[in-house]
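Below is one structure; the comments refer to it alone.
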Amino acid sequence: MPVITIAGNKGITIEKKREMVKKVSEVVSEAYGLPIEAITVLVQGYDYDDIGVAGELLSDRK
């Protein structure tokens, strides 16, 4: 039973999350040869002040 974790900023809409979870589940299901019901996808969202890139917070880049 594969579990896939996708972590990123909170800027994604619920519609895009649905699309992403569906597509990722389909690809992993095919790769493992498992029914899609066996695939779990966790989507973690972080605020811009919780993500650092190149030594600075994303909130400081806005």
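The local environment of CD in E56 is crowded, with over 12 non-hydrogen atoms from other residues, nucleotides or ligands closer than 6.0 Å.
Legend: residues meeting salt bridge (Lys or Arg N to Asp or Glu O under 4.0 Å) with E26, ordered by chain and number and at least two apart, are K22.
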I'd like a table of donor-acceptor pairs (distance under 3.5 Å, sequence neighbours excluded) in which one partner is a side-chain atom from residues 35-55, with atom names and distances.
residue: Q44; atom: OE1; partner: Y46; partner atom: OH; Å: 3.1
residue: Y48; atom: OH; partner: N9; partner atom: ND2; Å: 2.7

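Both Y32 and I4 belong to a common hydrophobic cluster when Ile, Leu, Val, Met, Phe, Trp and Tyr are linked at side-chain heavy-atom distances under 4.5 angstrom.
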